Q: 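Just passing along the structure, written as structure tokens.
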Amino acid sequence: MPELPEVETIARGLAKRVAGDVIESVWLGSKPEPFKSSPSEIAATLQSKKISDVRRAGKHIVFELAFPNGSAHQAHQWIVHLGMTGSLLVCPPEGEVTKHTHAIVKLSSGRELRFVDPRRFGRLSVIENFEAPGAEPLAIKFEDFARLFYGRKTPIKSALLNQKLLSGVGNIYADEALFRAGVRPRRRVATLNRDELRRLHGSLKRVLREAIQLGGSSVSDYVDVNGDEGFFQLKHRVYGREGKPCLVCRTPIKRVVIAGRSSHYCPKCQK
DNA sequence: ACTATGTCCTGCGAGC
DNA sequence: TGCTCGCAGGACATAG
């Protein structure tokens, strides 16, 4: 499931491969539409625009669009959210169009950008000035991080997943950051002391940076723009390891459900 | 203003 | 072997 490191990997791959390219035509398929903006608005906005840059904002991929005639002002952004199983692939046009392909963007270089999403939780939209709702986890300073959680009663796991607080953290990296910080996922936010918050702030950044370096975690269907898998799943210490021995103390890893999400932790290492 | 829970969607794997 | 069933979860709606 694409979270911040996977989306970052995809955005970097796209920036490398399609930045500077011009959109020649747009095909949008599917009956119940996985689109936040109307298909006609998306197609009209993308048509004949140059992709000047591709970047990540939270879990969103942001395509910066420009007028190919060199007009200085920005001409909207194309926003792609991959949901759980969405992928953006750069394909040669003769490549077979697989099941669950919901959008095909033809580029003037001859390549195609395809949005494929079996579970259809992904969303496409166009907007003028996109801003992710929450703070950027890799940039946030400790004092701002601590302030996000001030006075909240919800479990820390839920707070980490709340995109209005932090933009980009999902189930895997929330569990991994909490393990590295030695904090149990069920702990109520307001009960975390300053030292615990400091450890969490640091471990979250470290785990996200390390995952980006390894190209993200390939569990479920995640692949990058070239169809390659990431390697951070090999570094998971708790996620998906229920019943297996903790890599630090050998205690079996526990799994509980918090906010409808499976949450993994070591009952000895995490307090 | 928060917090908690249900819903969407499809593929896959466990279990019989 | 072949079937059914339940689970996976990001974001949003709705209820409390």
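These numbers come from a predicted model, not from an experiment. To find a chain, count down the sequence lines: A is the first, B the second, and so on, and within it residues start at 1.
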Q: To the nearest Å, how far apart are A:M84 CE and C:dA11 C1'?
A: 12 Å
Q: Hey, does A:S262 reach any base, or is it just sugar-phosphate, or nothing, if we go heavy atoms under 4.0 Å?
A: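 Answer is sugar-phosphate: A:S262 comes under 4.0 Å of backbone atoms only.
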Q: Looking at B:dT10, I'd like to know if its phosphate oxygens (OP1 or OP2) sit under 4.0 Å from a side-chain N or O belonging to A:T85.
A: no
Q: Please confirm whether the shortest side-chain N or O distance from A:K153 to OP1 or OP2 of B:dA4 is below 4.0 Å.
A: no
Q: Which of these nucleotides, C:dG9, B:dC2, B:dA4, is closest to any side-chain atom of A:R152?
A: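 Minimum distance to the A:R152 side chain belongs to B:dC2.
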Q: Look at all strands and tell whether A:P133 reaches a base, only sugar-phosphate, or nothing, counting heavy atoms closer than 4.0 Å.
A: nothing
Q: With a 6.0 Å cut-off on ring centres, are A:Y239 and A:F232 close enough?
A: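 Between A:Y239 and A:F232, the centre distance exceeds or equals 6.0 Å.
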Q: Can you identify which nucleotide, out of B:dA4, C:dA11, C:dA8, has its nearest atom closest to the A:R261 side chain?
A: C:dA11
Q: For A:T191 and A:R187, test the side chains for any donor-to-acceptor distance below 3.5 angstrom and give the result as yes or no.
A: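 Yes.
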Q: From the options B:dA4, C:dG10, B:dC9, select the nucleotide whose nearest atom is closest to the side chain of A:K59.
A: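 Ranking B:dA4, C:dG10, B:dC9 by closest atom to the A:K59 side chain puts C:dG10 first.
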Q: Does A:H81 place a side-chain N or O at less than 4.0 Å from the phosphate oxygens OP1/OP2 of C:dG10?
A: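 No, outside the criterion.
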Q: Calculate the interatomic distance between A:R186 atom CZ and B:dT3 atom P; express it in whole Å.
A: 17 Å
Q: NZ of A:K164 versus C1' of C:dA11: gap in Å, rounded?
A: 9 Å
Q: If the threshold is 4.0 Å, N to carboxylate O, is there a salt bridge linking A:K106 and A:E24?
A: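 Result for this pair is no, no salt bridge flagged.
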Q: Looking at A:K59 and A:E6, is any side-chain nitrogen of the basic one under 4.0 Å from a carboxylate oxygen of the acidic one?
A: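 Looking at A:E6 and A:K59, the cut-off is not met.
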Q: Measure from CG on A:D117 to C1' on C:dA11 and round the result to the nearest Å.
A: 13 Å
Q: Tell me if the CD atom of A:E96 is crowded by more than 12 foreign heavy atoms within 6.0 Å.
A: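 Incorrect, the count does not exceed 12.
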Q: Please report, rounded to the nearest Å, how far the C1' atom of B:dA4 is from the CG atom of A:L161.
A: 14 Å
Q: Report the nucleotide, chosen from B:dA4, B:dG11, C:dG9, that has the shortest atom-to-atom distance to any side-chain atom of A:T154.
A: B:dA4
Q: Between P on C:dC7 and OH on A:Y239, what's the gap in Å once rounded to a whole number?
A: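 That distance rounds to 15 Å.
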Q: Tell me whether the side-chain N/O atoms of A:H100 come closer than 4.0 Å to OP1 or OP2 in B:dG11.
A: yes
Q: Will you find, in the side chains of A:T9 and A:D224, an N or O donor that is under 3.5 Å from an N or O acceptor?
A: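 Absent: no donor and acceptor within the cut-off.
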Q: Output the rounded distance in Å from OH (A:Y150) to P (B:dA1).
A: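 Taking atom P of B:dA1 as the reference, OH of A:Y150 is at 18 Å.
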Q: C:dA11 base stacked by A:F121? Criteria: ring centres under 5.5 Å, plane angle under 30°.
A: no
Q: Provide, to the nearest angstrom, the distance between the CZ atom belonging to A:R120 and the C1' atom belonging to C:dA8.
A: 18 Å
Q: Checking contacts here: which listed nucleotide (C:dG10, C:dA8, B:dC9) is nearest the side-chain heavy atoms of A:E3?
A: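 Selected nucleotide: C:dG10.
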Q: Side chain of A:R119 only, heavy atoms from C-beta on: which candidate in C:dA8, B:dT3, C:dG10 is closest?
A: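 The listed nucleotide nearest to A:R119's side chain is C:dA8.
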Q: Of A:S158 and A:K99, whose nearest nucleotide on DNA chain B comes first from the 5' end?
A: A:S158
